[in-house]
Amino acid sequence: MSLETHIAGSEDRLIDGLHFAGRNTASYLVNRRDATFHPSSASNFKPSGVRLMRWSLADQAGWLDGNSVRLIFTLNNLAPAPTQGQAAATNAIWPITDTPAGMFRCLRILGGGSEVENLEDYGRVHQMFSLLLPTNVRMNSVIEGWSGDNTAIAADEPTENVSAIFAQASRTVCVQLLSPFLSQGKYIPMSMMPLTLELELDELAAA
């Protein structure tokens with residue numbers, strides 16, 4: 001079959017940017033809601049104390065969109081405040097990774113009691129994949145992750161100008177988990193496959 005014959009038998013359509021017709025709908029999708037799950041292992045975590053974070057994700061009839069999962073927590077700098085004569089940035093935390101995911105050593109996901117995935121050296125792997133992202137996507141990830149006053153973020157090295165977390169200060173940060181299971185594109189039935197997420201703080205992390 002020649003190319004001309006193949007093209008003649010194909011259906012002509014507008015590209016998405018010029019197509020204003022209504023999209024297909026699904027009557028069985030009746031709502032979309034945000035859900036918050038608190039850790040069941042503890043409420044405060046630090047390298048010298050409880051390091052294992054555990055969440056149980058379950059619902060009677062809901063479905064989980066894995067790409068929407070975010071880990072949000074408050075990062076506290078417990079270092080002593082600078083004394084008189086010391087610079088304000090003394091004992092401050094200066095982020096050097098694209099997201100706070102660099103603080104974690106391991107990610108483990110259980111589905112229905114069975115291990116689905118176990119990612120070791122999680123912080124290192126997360127940063128490696130982040131370095132391979134397009135520049136604009138990486139910049140958005142840095143801004144979403146570290147928050148704060150990041151108006152001076154540079155395109156070539158997004159973490160260079162991320163504002164520090166000063167001693168005795170705190171900041172709410174956000175992490176989009178790097179997980180093949182959560183990013184596979186299919187909705188997960190929470191009633192049939194309740195999930196357990198486990199994250200372990202690295203020994204060198206400051207939280």
Side-chain angles (χ1 to χ4, degrees), residues 34-39 41 45-47 50-55 57 64-79 89 91-111 115-166 169-188 195-207:
D34 296 330
T36 301
F37 298 90
H38 297 281
S41 51
F45 305 89
K46 55 184 178 180
V50 180
R51 291 193 296 162
L52 182 63
M53 308 175 184
R54 182 182 296 111
W55 292 266
L57 279 59
L64 175 67
D65 180 3
N67 285 315
S68 69
V69 174
R70 296 293 188 276
L71 170 63
I72 300 175
F73 59 96
T74 300
L75 179 62
N76 300 293
N77 185 350
L78 302 179
N91 297 329
I93 295 176
W94 296 92
I96 59 174
T97 57
D98 285 3
T99 75
M103 300 167 50
F104 301 109
R105 189 193 69 82
C106 175
L107 168 66
R108 185 167 176 255
I109 298 180
L110 304 175
E115 185 174 277
V116 175
E117 65 183 27
N118 191 343
L119 303 180
E120 297 287 343
D121 292 325
Y122 184 72
R124 183 185 297 270
V125 174
H126 198 289
Q127 178 65 12
M128 180 181 68
F129 274 83
S130 181
L131 292 173
L132 299 175
L133 293 172
T135 301
N136 58 331
V137 177
R138 188 181 173 202
M139 290 178 65
N140 288 338
S141 179
V142 173
I143 295 173
E144 179 186 33
W146 289 112
S147 184
D149 181 15
N150 298 323
T151 56
I153 283 180
D156 56 342
E157 188 51 55
T159 59
E160 184 176 351
N161 295 318
V162 174
S163 54
I165 305 174
F166 295 102
S170 62
R171 180 181 300 168
T172 299
V173 296
C174 176
V175 176
Q176 181 177 6
L177 296 176
L178 173 67
S179 166
F181 177 72
L182 294 178
S183 60
Q184 42 79 27
K186 301 295 184 182
Y187 285 8
I188 303 168
L195 299 180
T196 300
L197 271 61
E198 293 182 353
L199 274 169
E200 183 181 348
L201 271 176
D202 194 279
E203 294 180 359
L204 301 179

Leu133 versus Asp98: any side-chain heavy-atom pair under 4.5 Å?
no

Please tell me if the side chains of Leu75 and Trp146 come closer than 4.5 Å, counting only heavy atoms from C-beta onward.
yes

Ile109 side, atom CD1; Ile188 side, atom CD1 - distance, nearest 0.5 Å:
8.0 Å

Looking only at heavy atoms, the pair that brings Asn77 and Ala92 closest together is ND2-CA, 3.7 Å

Residue pair Phe73 / Pro39, side-chain heavy-atom distance below 4.5 Å:
no

Closest non-hydrogen atoms of Ser170 and Asn76, given as atom of the first, atom of the second and distance, are CB-OD1, 3.0 Å

From Gln176 atom CD to Ser183 atom OG, the distance as rounded to the nearest 0.5 Å:
8.5 Å

Evaluate the side-chain proximity of Leu199 to Leu177: yes if any heavy-atom separation is below 4.5 Å, no if none is.
yes

Do you know which two heavy atoms are closest between Asn91 and Ala79, and how far apart they sit?
CB-CB, 3.6 Å

Mind checking whether Trp55 and Leu195 have side chains closer than 4.5 Å, heavy atoms only?
no

Counting C-beta onward and ignoring hydrogens, is there a side-chain heavy-atom pair between Phe104 and Met53 closer than 4.5 Å?
yes

Nearest heavy-atom pair of Leu119 and Pro180: which atoms, and what distance?
CD1-CD, 4.2 Å

Spacing of CZ belonging to Arg138 relative to CG belonging to Asn136, to within rounding of 0.5 Å
12.0 Å

Gap separating the CD atom of Glu200 from the OG atom of Ser41, nearest 0.5 angstrom
11.0 Å

Which value, rounded to the nearest 0.5 Å, describes the distance between Asp121 atom CG and Met128 atom CE?
10.0 Å

Take atom CZ in Arg54; do more than 12 heavy atoms of anything else shown fall under 6.0 Å from it?
yes

Begin from the C-alpha positions of Ser179 and Glu117 and carry the test side-chain hydrogen bond (donor to acceptor under 3.5 Å, both in side chains) through to its verdict.
CA-CA 8 Å; Ser179 166; Glu117 65 183 27; 2.4 Å; yes

Compare every heavy atom of Val173 with every heavy atom of Gly145, then report the nearest pair and how far apart it is.
O-CB, 3.2 Å

Heavy-atom check, side chain of Arg105 versus side chain of Arg51, under 4.5 Å:
no

Using 0.5 Å steps for rounding, measure from the OG1 atom of Thr36 to the CD1 atom of Ile72.
7.5 Å

Heavy atoms from other residues, nucleotides or ligands near CZ of Phe37 exceed 12 (cutoff 6.0 Å):
yes

Between the side chain of Glu144 and the main-chain N/O of Ser141, is any donor-acceptor distance below 3.5 Å?
no

Of all heavy-atom pairs linking Tyr122 and Leu178, the shortest is OH-N, 2.7 Å

The single option from Leu201, Leu52, Asn118 that satisfies side chain to side chain contact (heavy atoms under 4.5 Å, CB included) with Cys106 is Asn118

Less than 4.5 Å apart, any side-chain heavy atom of Leu197 and any of Leu71?
no

